[in-house]
Amino acid sequence: MTIRTLDKVYDPRQVEERWSRFWIEEGLFHASPEDPGQPYCIVIPPPNVTGSLHIGHALNNSLQDILIRWRRMQGRNVLWMPGTDHAGIATQNVVEKQLAHEGTSREALGRDRFLARVWQWKAKSGDTIIQQLKRLGASCDWDRTRFTMDEGLSRAVREVFVRLYEEGLIYRGERLINWCPRCLTALSDIEVEREEIKGKLYSIEYPVVDEPSLRLIVATTRPETMLGDTAVAVHPDDDRYRHVIGRKVRLPLTGRTVPIVGDSILVDREFGTGAVKITPAHDFNDFDAGERHRLPRLPIFDYRAHLDRKGMQEAEVDASVIAALAALPVPKARSRIELLLRDGGFLRKVEDHTMAVGKCYRCKTVVEPYLSPQWFVKIGPLVEPAVKVVEEGRIRIIPEGWINNYLGWMRDIKDWCISRQIWWGHQIPAWYCRSCNGEFIKGPAPIDSSFPGEDRPSAPERLTILPGAKPIVAKEAPVRCPDCGAHEFLRDPDVLDTWFSSALWPFSTLGWPDQTVELKTYYPTAALVTGLDILFFWVARMIMMGLKFMGDVPFRDVYIHALVRDAEGQKMSKSKGNVIDPLGVMDQYGTDALRFTLASMASPGRDIKLAEERIEGYRNFANKIWNVARFVHLNLNGDREPCPPESRSFADRWILSRLNAAIRAVSSELEQYRFDRAASALYQFIWHEYCDWYLELIKPVLQQATTPEALRTRETLVESFERILRLLHPFMPFITEEIWQTLPHKGTSIVRQPYPIPSPEWDSKEIEEAFTLLSKCLSLVRTGRALLNYAPGATIAFFACGTTPPEQDVLSGLRPQLSHLGRGNVEVSRHDSWPTTDVLHLASEGITVGVTVEGDVDLQKALDRIMKQRSDTEKEANRIEGKLASVNFTEKAPPDVVAEHQDRLKTLRRDAAILASSETQIRAMLGTRGA
RNA sequence: AGGCGGAUAGCUCAGCCGGGAGAGCGCUGCCCUUACAAGGCAGAGGUCACAGGUUCGACCCCUGUUCCGCCUACCA
């Protein structure tokens, strides 16, 4: 295959799939513990099986793949462990939607058939995202792909659960938890999203018993909960209320009276009226207050967050009120109860009020605090070590700014509610002996008919294990009850929070609880790459579990990258229609372009606003490289010969020195996870140094097919380009492989080639300085050319003058390059003064160039330009002169800084003088021409 | 309410240890020069959010203010 015959335009579509397949077929991503090299392992943040590759995945996995390919090329024993997450609630929702579409439901199917259905769905479409990751070029060891509900990982889950339970770190209890009335399951604290909404603040009057003229006014945003109030709290030091503490109030709309208690924690004297109603069954703070004052809990909502007839009866709500409210969902109940209170004369006032409500992170339904028996992880003992490893730097968090976020969150952490009332997931390994626990087991309940107005075909089958039941927690189902010898058991119907199994991911994927050689080799993993959104969901818990069960950190570095937003900075969401589909981008611009874009925008501490123009720019970059390859191919056939650095040409030595610099920059930026700066270094070097300068400089040389210089330059060209491909490969794997394969090479793939390291013998400060001089001169030449706008075919002569002798020597040596790139007959003079034939002199940075032209030139244009340039130069010179004149500056600034300013002033003054002389000459010529 | 981050060219963003304001895109002009017009060259464009302070010197360090974003939170 040769590139020469191919099109001028790089077509990623003809390239990517081929190499993707090749890499996998050749086993190039496969890792083995026996392989040489220091282990380097990253575990992938497992995408949901329901998922399809979105732009966030694309970013996350592009960055990981850059690290992985880079380290692999460095010769490390690299394992990128892939897999997917069963994503309990999300996946169950997907399949439930399908069922609803078919006119059935999970309840109708029953648990076993429903689960079979989910597995079936997973088998069919569960590897969609894996295929998409492969398309992205992700160089995971795909043979090792894991799933959080694999047998092995499930074993790890049971092992961890049982051990934590036996240590008393997992317990079951009836607590107030966040409950999603749509998903009908508990949620952990962090699965609840807060949202500010405009609500109302209702002030309600509670008459004091035996003194009806005295009424306590309580303020609430949720009047419907007042039916479940079991106390009213005031601040114990509040003079307004001190005397009523210990008395009672009559609860409106009910037959109950409730005590007035003093509570300094709950009550803020400044807020509202200073009196607070307490509803322990429906509010987290009130729950705690209820504990403090030993108040009863009266739930008045059912699990659908509808007003519950039975609950209200137990709360002694007036029969007429029950009739009016039963089975109403919360918002309706709220407006209804407002009317009832108003009719009863209890409603003092209603004000606007903004408040925060919690919403289910999966379905955005408003969550309710709900009293129910759940499983919890006692998090306190696990937190301590997880805080310590970050504080001590055994785990680095990058960027460091997030460390405080992490530590702050860990300090406030509450026990983790791990049970979910869904079916898809790891069922909790707890069983209950039927005969011992008969009275504590309710259900499976018949379909509950007490909810008129149901919008679902049937209420779910619910097996309820009451808090008093005694579980048998074991890795396998028990056969005989240790207490009574009975053989009949009911398994706890709940499943574990998805994040429970994710927390074990760094070691469960490596084979734990078995002590595998993989585990020994690759744990602790090197780095974790993730977005901020799952720092707490996932990262913190992996650290806790890793320390607990492996006795070591799960990873050494945590790199937290930004969120991808659209060009307007909006969060991408399907509902807003502003989603950039990475697959579409890959189709249109190529995977390499997408990857490079994402890498180049991954600056720390700033969200990524992805604009399509940027991707287009990097698509062009890929094309640029493609065309370099075509150029290199033109020079592949000639003889080439190896040669030491000092025998190479100026351009060759310069580019090799610059290549060293680029290699150093890319490597050091990658060490620091500065993907953006690494990408920028590559772009800058390849496009603006290698292409714009080096390739242009060597063209005249290469035209002489057989000279020794041409042979050596050819050698340098091919050699340097091959190195560039390797340098770029982690960022743009496809195009680099495609081209690399067409160059002379050893080995099957660039994937396993060594990553370039700098060769100190190429470093040359002198050459780089000479190049700087050349580029300054050329820049002046080109500027002059552009502003003179001389006729095509006109000859033009350049004289360099006023530079120091060594610089003149350098310039004389570079005369061929100056002529070629300046597109004119360049002569470098050693004159100390300007030939009178000069049309104009240009000056910049102490370099001066005189230009003589033949043919028509736009003198007026040249004059305007030079006038402006002189004015700018003088302005700058005056500024520096003023600074130098300042006594403070010359006395207090470091001497080298002062000297630098003095040099600069001298240079500027000379530049200004030269420009002034040009100006005079042009004026004279204009005068002649005009006359 | 607290914490964190941001504010630099028309747009998106770099800017390291305080010392001459940068890139990409867009815009203007010239050029299809034998790798690339998805290209080359040359330009225009900036009160570095605002106000103080430290310093010989501030985009950079300190204080305060405004606006934007995010995270956390029990103010009913």
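Lettering of chains follows the sequences in order, A, B, ..., and the numbering in each one begins at 1.
Between the side chain of Lys8(A) and the base of rA37(B) there is no donor-acceptor pair of N/O atoms closer than 3.5 Å. Counting atom types as modelled, Lys624(A) pairs a side-chain N or O with a base atom of rC36(B) as donor and acceptor under 3.5 Å. Side-chain to base pairing of Arg619(A) with rA38(B): one donor and one acceptor N or O lie within less than 3.5 Å of each other. Checked by distance alone, Gln703(A) brings a side-chain donor or acceptor within 3.5 Å of a matching partner on the base of rU34(B). With hydrogens and angles ignored, no donor-acceptor pair under 3.5 angstrom links the side chain of Gln684(A) to the base of rA14(B).
A donor-acceptor pair under 3.5 Å is formed between the side chain of Arg714(A) and the backbone N or O of Leu702(A). A donor-acceptor distance shorter than 3.5 angstrom exists from the side chain of Thr783(A) to the backbone of Ser779(A), with no hydrogens or angles considered. Distance alone, capped at 3.5 Å, is enough to place a donor-acceptor pair between the Asp415(A) side chain and the Ile379(A) backbone. Between the side chain of Ser667(A) and the backbone N or O of Arg664(A) there is no donor-acceptor pair closer than 3.5 Å.
Within 4.0 Å (heavy atoms only), Leu695(A) reaches at least one base atom of the nucleic acid. Contact annotation for Glu876(A): backbone-only contact, meaning every heavy-atom pair under 4.0 Å involves sugar-phosphate atoms and none involves a base. Across all strands, Ser600(A) comes closer than 4.0 Å to no nucleic acid atom at all (heavy-atom distances). Nucleic acid contact for Gly274(A): base, since at least one base atom lies under 4.0 Å from a heavy atom of the residue. Nucleic acid contact for Asn404(A): none, since no nucleic acid atom lies under 4.0 Å from a heavy atom of the residue. Heavy atoms of Val267(A) sit under 4.0 angstrom from at least one base atom. Heavy atoms of Glu613(A) sit under 4.0 angstrom from primed sugar atoms or phosphate atoms, though from no base atom. Using a 4.0 Å heavy-atom distance criterion, Ile625(A) is classed as making no nucleic acid contact.
Of the candidates rC41(B), rU12(B), rG15(B), rU12(B) carries the atom nearest the Arg614(A) side chain, counting heavy atoms from C-beta on. Here the side chain of Met601(A) is nearest to one of rC56(B), rC74(B), rU12(B), namely rU12(B). The side chain of Val276(A) sits closest to rA76(B) out of rA76(B), rC56(B), rA38(B). Closest approach to the Asn285(A) side chain among rC56(B), rC74(B), rA38(B) is made by rC74(B) (side chain taken as heavy atoms from C-beta onward). For Lys883(A), counting side-chain heavy atoms from C-beta on, the closest listed nucleotide (rC71(B), rG19(B), rG15(B)) is rG19(B). Of the candidates rG39(B), rC56(B), rG24(B), rG24(B) carries the atom nearest the Tyr683(A) side chain, counting heavy atoms from C-beta on. With distances taken from any side-chain atom of Ala893(A) to the nucleotides rG19(B), rA35(B), rC41(B), the minimum falls on rG19(B). Checking rC56(B), rC71(B), rA42(B) against every side-chain atom of Ser886(A), the shortest atom distance belongs to rC56(B).
The nucleotide rG52(B) finds its pairing partner in rC62(B), both defining distances of the Watson-Crick or G-U wobble pair being shorter than 3.5 Å. As the counterpart of rC41(B), rG29(B) is assigned, both hydrogen-bonding distances of the Watson-Crick or G-U wobble pattern falling under 3.5 Å.
Across the P atoms, rG64(B) and rG3(B) are found 11 Å apart, a figure rounded to whole Å. Atom name C1', nucleotides rA51(B) and rU66(B): the rounded distance is 11 Å, in whole Å. One C1' atom belongs to rU8(B), the other to rC50(B), and the distance between them is 15 Å to the nearest Å. Using atom P as the reference point in both rU47(B) and rA9(B), the two lie 9 Å apart (nearest Å). For the P atom pair drawn from rG15(B) and rA23(B), the interatomic distance equals 15 Å after rounding to whole Å. Using atom P as the reference point in both rU33(B) and rA44(B), the two lie 26 Å apart (nearest Å). Rounded to a whole angstrom, the distance from the C1' atom of rC17(B) to that of rG69(B) is 30 Å. Only the C1' atoms considered, rC25(B) is 31 Å distant from rG19(B), to the nearest whole Å.
At a threshold of 4.0 Å, the pair Arg870(A)-Glu874(A) counts as salt-bridged, since one of the basic side-chain nitrogens sits closer than that to a carboxylate oxygen. Comment: Glu291(A) does not engage Arg175(A) in a salt bridge, judged by the lack of any side-chain N to carboxylate O separation of less than 4.0 angstrom. Between Asp872(A) and Lys868(A) there is a salt bridge, since a side-chain N of the basic residue sits under 4.0 Å from a carboxylate O of the acidic one. A salt bridge is defined here as a Lys NZ or Arg NE, NH1 or NH2 lying under 4.0 Å from an Asp or Glu carboxylate O, and Glu205(A) with Arg348(A) meets this definition.
Taking atom CZ of Phe621(A) as the reference point, atom P of rC25(B) lies 12 Å away to the nearest angstrom. When rounded to the nearest whole Å, the span between CG of Asp676(A) and P of rA14(B) equals 7 Å. Between Leu407(A) atom CG and rU72(B) atom C1' the separation is 14 Å, expressed in whole Å. For Trp402(A) and rG6(B), the CH2 to P distance is 10 Å, given to the nearest whole Å. Residue Arg630(A) contributes atom CZ, which lies 12 Å from atom C1' of rG39(B) at whole-angstrom precision. If you measure from atom CZ of Phe889(A) to atom C1' of rC56(B), you get 7 Å, rounded to the nearest angstrom. Regarding Asn178(A), its CG atom lies at a distance of 10 Å from the P atom of rA73(B), rounded to whole Å. One can place NE2 of His688(A) at 14 Å from C1' of rC36(B), the figure rounded to the nearest angstrom.
Contact annotation: Lys699(A) reaches the phosphate of rA35(B) (side-chain N/O to OP1 or OP2, under 4.0 Å). Residue Asn627(A) has no polar side-chain atom (N or O) positioned under 4.0 Å from OP1 or OP2 of rG39(B). Remark: Thr783(A) is not in phosphate contact with rC41(B), judged by side-chain N or O atoms under 4.0 Å from OP1 or OP2. Phosphate proximity of rG40(B) to Trp687(A): present, with a side-chain N or O under 4.0 Å from OP1 or OP2. An OP1 or OP2 oxygen of rG15(B) is reached within less than 4.0 angstrom by a side-chain nitrogen or oxygen of Arg674(A). Remark: Ser603(A) is in phosphate contact with rA14(B), judged by side-chain N or O atoms under 4.0 Å from OP1 or OP2. Contact annotation: Arg194(A) does not reach the phosphate of rC71(B) (side-chain N/O to OP1 or OP2, under 4.0 Å).
The distance between the ring centers of His561(A) and Phe675(A) does not fall below 6.0 angstrom.
How far CE of Met226(A) is from OG1 of Thr220(A): 9.5 Å, rounded to the nearest 0.5 Å.
Syn is the glycosidic conformation of rC17(B), whose angle stays within 90° of 0.
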